[in-house]
**Q** 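Dumping the structure here so I can ask a few things about it.
Computed from a predicted structure; not experimentally measured. Values below: every heavy atom of this structure, side chains too, minus hydrogens, waters and symmetry copies.
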2 protein chains.
Amino acid sequence: MRRMTARPANAHQARLLRLLRDGGPNSRAQLGDQVDLSRSKLAVEVDRLLDTGLVVADGLAASRGGRRSHNIRLAPALRFLGVDIGATSVDVAVTNAELEVLGHINQPMDVREGPVAVFEQVLAMAAKLRASGLAEGFDGAGIGVPGPVRFPEGVPVAPPIMPGWDGFPVREALSQDLGCPVMVDNDVNLMAMGEQHAGVARSVADFLCVKIGTGIGCGIVVGGEVYRGTTGSAGDIGHIQVEPDGRPCACGNKGCLEAYFSGAALARDAEDAAHQGSSPELCTRFENSGALTAVDVAAAAAAGDATALDLIRAGGNRTGQVIAGLVSFFNPGLVVIGGGVTGLGHTLLAAIRTQVYRQSLPLATGNLPIVLGELGPTAGVIGGARLISDHLFSPA
Amino acid sequence: MRRMTARPANAHQARLLRLLRDGGPNSRAQLGDQVDLSRSKLAVEVDRLLDTGLVVADGLAASRGGRRSHNIRLAPALRFLGVDIGATSVDVAVTNAELEVLGHINQPMDVREGPVAVFEQVLAMAAKLRASGLAEGFDGAGIGVPGPVRFPEGVPVAPPIMPGWDGFPVREALSQDLGCPVMVDNDVNLMAMGEQHAGVARSVADFLCVKIGTGIGCGIVVGGEVYRGTTGSAGDIGHIQVEPDGRPCACGNKGCLEAYFSGAALARDAEDAAHQGSSPELCTRFENSGALTAVDVAAAAAAGDATALDLIRAGGNRTGQVIAGLVSFFNPGLVVIGGGVTGLGHTLLAAIRTQVYRQSLPLATGNLPIVLGELGPTAGVIGGARLISDHLFSPA
DNA sequence: CTACTTTCTCCAGTTCGAGGACAAAGGGGG
DNA sequence: CCCCCTTTGTCCTCGAACTGGAGAAAGTAG
């Protein structure tokens with residue numbers, strides 16, 4: 001099926017499309033209040049958008065005291081695909097033009113199988129969503145991958161946990177396969193955009209979004225825009241040193257944060273604790289399944305296991321130590337904690353908060369909320385939809 | 001004397017003024033090459049600027065193969081004042097509209113005497129520059145202070161080393177006294193703007209500018225613009241912890257970078273070394289003057305004193321450790337080292353480089369120059385002039 | 001039913017800008 | 001010194017775009 005290829009012709013139209021995306025259906029009059037255009041100019045631009053089919057009439061709005069206005073909204077048939085490729089699983093979701101999730105699938109998977117295998121699976125998941133009647137096709141897709149990306153080209157560069165992806169033309173390949181525009185970004189940046197659009201970071205211009213999963217990364221938002229750095233590796237905080245001459249890390253250095261606290265490190269520490277017998281709870285879990293993950297630690301902690309709680313607190317302290325430094329440096333208006341280990345919940349959050357509030361200067365922490373992300377796994381896919389919609393809703 | 005109060009009427013004019021500021025005198029044709037306006041439109045805007053008096057005709061340009069063009073330039077009588085208030089001295093300079101320094105005075109001073117005393121001195125220095133015939137008045141002034149500033153209002157907030165300045169309306173007070181528009185910013189940000197305009201950071205969009213003086217701070221430039229953070233305290237890296245439970249710092253915490261390496265800490269370490277007799281060079285210097293400063297350490301190091309060199313290397317390592325973290329996080333295209341202790345020169349730079357290149361990931365450091373600032377004490381004052389000119393050369 | 005509010009359309013007047021034509025100014029070769 | 005080419009600057013005209021007002025349409029409140 002042929003999809004929409006129309007694009008806004010100028011900055012005004014782009015602005016209007018984004019307002020409709022972020023604010024939902026709206027009347028001409030309300031739009032006029034927000035964009036500072038003359039009524040006539042606004043009417044012309046709206047008419048053109050109606051001509052392109054990007055927006056459609058949507059009945060009458062409630063009266064604001066006088067004549068009721070005709071609502072307009074983004075075309076209800078528009079569909080964006082959000083794909084969040086993690087180290088061990090993939091999330092794929094369809095959204096409408098307002099970035100509301102209509103359907104969401106998660107499947108386990110190993111990125112190390114390489115791009116070809118992974119995309120096969122992603123395409124199958126997308127097809128499944130389409131087959132379930134949620135979409136007749138996709139007008140754009142935003143993809144997140146767990147590693148640095150050269151953003152303009154949409155190509156992963158030297159991703160440590162994704163051997164075989166280096167230089168793979170993700171954007172171009174998927175654009176071909178899906179038959180729609182595609183944008184590719186780091187998964188952490190996508191999470192940041194998701195929380196910004198629909199989560200805790202609404203209306204915050206400058207914030208950090210720390211994602212603790214298999215690795216640790218940090219999305220940086222400056223003035224409402226994701227900051228990616230000179231080579232696209234900004235936010236790669238997992239390999240900041242927290243302990244001189246500390247534990248060896250997979251990256252070759254010693255004492256990296258990730259060597260102490262990440263899904264992998266936590267699992268290893270938990271297994272060690274199980275072997276040493278210091279934690280009955282972890283021990284029984286280990287005997288049941290033969291291995292431990294962050295989920296087990298979370299469960300043990302919830303059951304009140306002291307060792308598990310200690311592990312979480314120790315990790316939270318180290319993470320907090322790094323975040324404290326970043327807060328001093330970056331002075332954000334908000335810090336969001338997300339990712340797989342968010343299941344560790346408030347124990348983790350408390351440890352991080354303690355460390356940050358103790359180590360950073362009052363001026364920077366005075367009014368600084370440190371909170372858990374509220375979207376969980378949907379943050380990434382919403383961020384993906386947001387990424388591609390930002391691209392499509394900008395002047396051609 | 002009455003000064004220029006004209007301001008550009010629109011974004012085009014602002015753009016042209018900045019081009020003339022950054023590129024010097026220019027012909028209409030050359031400007032046209034850069035701004036993507038039709039010749040007629042360009043001519044109209046230039047004529048209007050000529051009417052305001054902000055720019056003037058400046059003779060004929062060399063031929064580019066055909067008819068010679070009439071150059072235009074910013075009004076040669078325009079004068080900006082750059083003021084860089086340090087912890088222990090003040091720099092005041094006059095520049096023309098192209099931000100070339102016409103006169104520069106430095107005087108020792110103690111910020112802790114409070115804003116009133118300091119401004120008296122600054123005004124006297126400005127008057128001296130004016131009296132020497134360099135300026136008949138000032139069209140704007142940019143002020144740097146050694147602490148966080150609420151930028152829009154131009155008011156220092158909770159500055160640790162400037163008791164008595166908290167909340168003092170610097171911008172308003174100086175604007176009254178000087179009779180011209182004033183902008184106030186952190187001194188580190190000014191240094192970053194200076195190096196960006198006329199120093200090593202020309203044509204780099206994203207970079208860090210680390211200033212090591214009485215304290216340690218870091219200017220952050222994102223997409224060519226200084227980033228100041230939510231409360232104006234971004235870049236305050238002096239109080240990042242480098243040693244858990246380490247030396248007590250003036251801020252109340254322990255193990256801050258500044259407690260180990262800054263003008264003050266270095267002087268103290270040097271005096272300790274002198275007392276212990278581990279360094280003959282420092283010892284004799286101490287006996288001569290009764291106290292030691294970073295300058296003495298630099299001189300001793302230059303003379304080959306092993307203890308002094310060790311002090312510098314140790315400090316450089318700690319600083320490098322912090323910068324390595326920032327590089328991983330921020331992925332800048334350049335790191336500039338500046339400030340008072342730059343006199344320590346290449347020993348310091350080498351220590352910092354070693355640490356950063358060893359600790360940060362290859363993708364971030366692959367093509368990352370770490371260099372000394374090339375403007376020295378003029379970076380701050382040029383940055384001040386740049387700050388106010390950016391303000392004045394923007395649409396009213 | 002009337003007065004008032006809000007929304008939307010239409011229209012006329014005006015401003016703005018693009019682009020072509022042309023004059024002015026210079027270089028270089030014969 | 002003349003002719004031709006290049007570059008620069010100005011002028012002019014046409015078309016497009018924008019503003020603001022008038023007024024119709026569609027409500028609400030009393």
Side-chain angles (χ1 to χ4, degrees), chain A residues 6-17 19-20 23-75 394-396, chain B residues 6-20 23-75 395-396:
Chain A
R7 288 283 290 279
N10 58 43
H12 297 309
Q13 293 185 14
R15 179 87 197 282
L16 292 171
L17 289 174
L19 283 172
L20 289 171
N26 237 320
S27 69
R28 284 166 160 81
Q30 280 177 301
L31 290 173
D33 293 344
Q34 299 173 67
V35 294
D36 191 42
L37 289 175
S38 69
R39 283 192 309 271
S40 0
K41 171 78 174 156
L42 178 68
V44 169
E45 297 294 359
V46 169
D47 285 346
R48 284 188 195 144
L49 285 174
L50 287 167
D51 284 345
T52 67
L54 275 171
V55 308
V56 298
D58 187 43
L60 289 168
S63 168
R64 291 201 293 179
R67 173 176 174 174
R68 297 171 64 190
S69 56
H70 295 256
N71 265 349
I72 57 175
R73 59 171 298 184
L74 289 167
S394 63
Chain B
R7 289 281 291 279
N10 58 44
H12 297 309
Q13 294 184 14
R15 180 88 197 283
L16 292 172
L17 291 174
R18 290 180 189 209
L19 283 173
L20 290 171
N26 236 320
S27 68
R28 285 167 161 81
Q30 279 178 303
L31 290 173
D33 293 343
Q34 299 174 67
V35 293
D36 191 41
L37 289 175
S38 69
R39 282 197 306 267
S40 9
K41 172 76 173 155
L42 178 68
V44 170
E45 297 296 359
V46 169
D47 285 345
R48 283 187 195 146
L49 284 175
L50 287 167
D51 285 344
T52 67
L54 276 171
V55 308
V56 298
D58 186 43
L60 290 169
S63 166
R64 290 203 292 178
R67 173 177 175 174
R68 295 171 63 189
S69 58
H70 294 254
N71 265 348
I72 57 174
R73 59 171 298 183
L74 290 167

**Q** Who passes side-chain contact (heavy atoms from CB on, under 4.5 Å) against S27(B), sequence neighbours left out?
**A**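 For S27(B) the side-chain contact (heavy atoms from CB on, under 4.5 Å) partners, ignoring immediate neighbours, are A29(B), Q30(B), S69(B), N71(B).
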**Q** Could you check how far NE2 of H12(A) sits from P of dA17(D), rounded to whole Å?
**A**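 In whole Å, dA17(D) P and H12(A) NE2 are 12 Å from each other.
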**Q** Applying side-chain contact (heavy atoms from CB on, under 4.5 Å), can you list everything that pairs with S40(B), at least two apart in sequence or on another chain?
**A**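 Listed in chain order: S38(B).
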**Q** Does R68(A) have any side-chain contact (heavy atoms from CB on, under 4.5 Å) partners at least two apart in sequence or in another chain, and if so, which?
**A**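 R68(A): side-chain contact (heavy atoms from CB on, under 4.5 Å) contacts with L60(A), S63(A).
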**Q** Take atom CD1 of I72(B) and atom P of dT8(D), then tell me their distance rounded to the nearest Å.
**A**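 From I72(B) CD1 to dT8(D) P: 14 Å.
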**Q** Assess whether a salt bridge exists between D47(A) and R28(A), defined as any Lys/Arg side-chain N lying under 4.0 Å from an Asp/Glu carboxylate O.
**A**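 Yes, this pair counts.
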**Q** Which one of L19(B), L20(B), V55(B) satisfies the side-chain contact (heavy atoms from CB on, under 4.5 Å) criterion with N26(B)?
**A**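 For N26(B), the side-chain contact (heavy atoms from CB on, under 4.5 Å) check succeeds only for L20(B).
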**Q** Tabulate below the donor-acceptor pairs under 3.5 Å that side-chain atoms of residues 10-17 of chain B make, not counting sequence neighbours, or state none.
**A**
| from | atom 1 | to | atom 2 | distance (Å) |
| --- | --- | --- | --- | --- |
| N10(B) | OD1 | H12(B) | N | 2.9 |
| N10(B) | OD1 | Q13(B) | N | 2.7 |
| N10(B) | ND2 | E45(B) | OE1 | 3.4 |
| N10(B) | ND2 | E45(B) | OE2 | 3.1 |
| Q13(B) | OE1 | A9(B) | N | 3.0 |
| Q13(B) | NE2 | E45(B) | OE1 | 2.9 |
| R15(B) | NH2 | Q34(B) | O | 3.3 |

**Q** Tell me, with the steps shown, if D58(B) and I72(B) meet side-chain contact (heavy atoms from CB on, under 4.5 Å).
**A** CA-CA 5 Å; D58(B) 186 43; I72(B) 57 174; 5.8 Å; no
**Q** Can you check nucleotides 24-30 of chain D for protein contacts, nitrogen or oxygen pairs under 3.5 Å, and list what you find?
**A**
| from | atom 1 | to | atom 2 | distance (Å) |
| --- | --- | --- | --- | --- |
| dA25(D) | N3 | R67(A) | NH1 | 3.1 |

**Q** Contacts to DNA chain D from residues 35-51 of chain B, heavy-atom cutoff under 4.0 Å, which residues?
**A**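 The stretch gives R39(B) as the residues lying under 4.0 Å from the strand, ordered by number.
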**Q** For D36(A), is the CG atom crowded, meaning more than 12 foreign heavy atoms sit under 6.0 Å from it?
**A**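 No, not enclosed.
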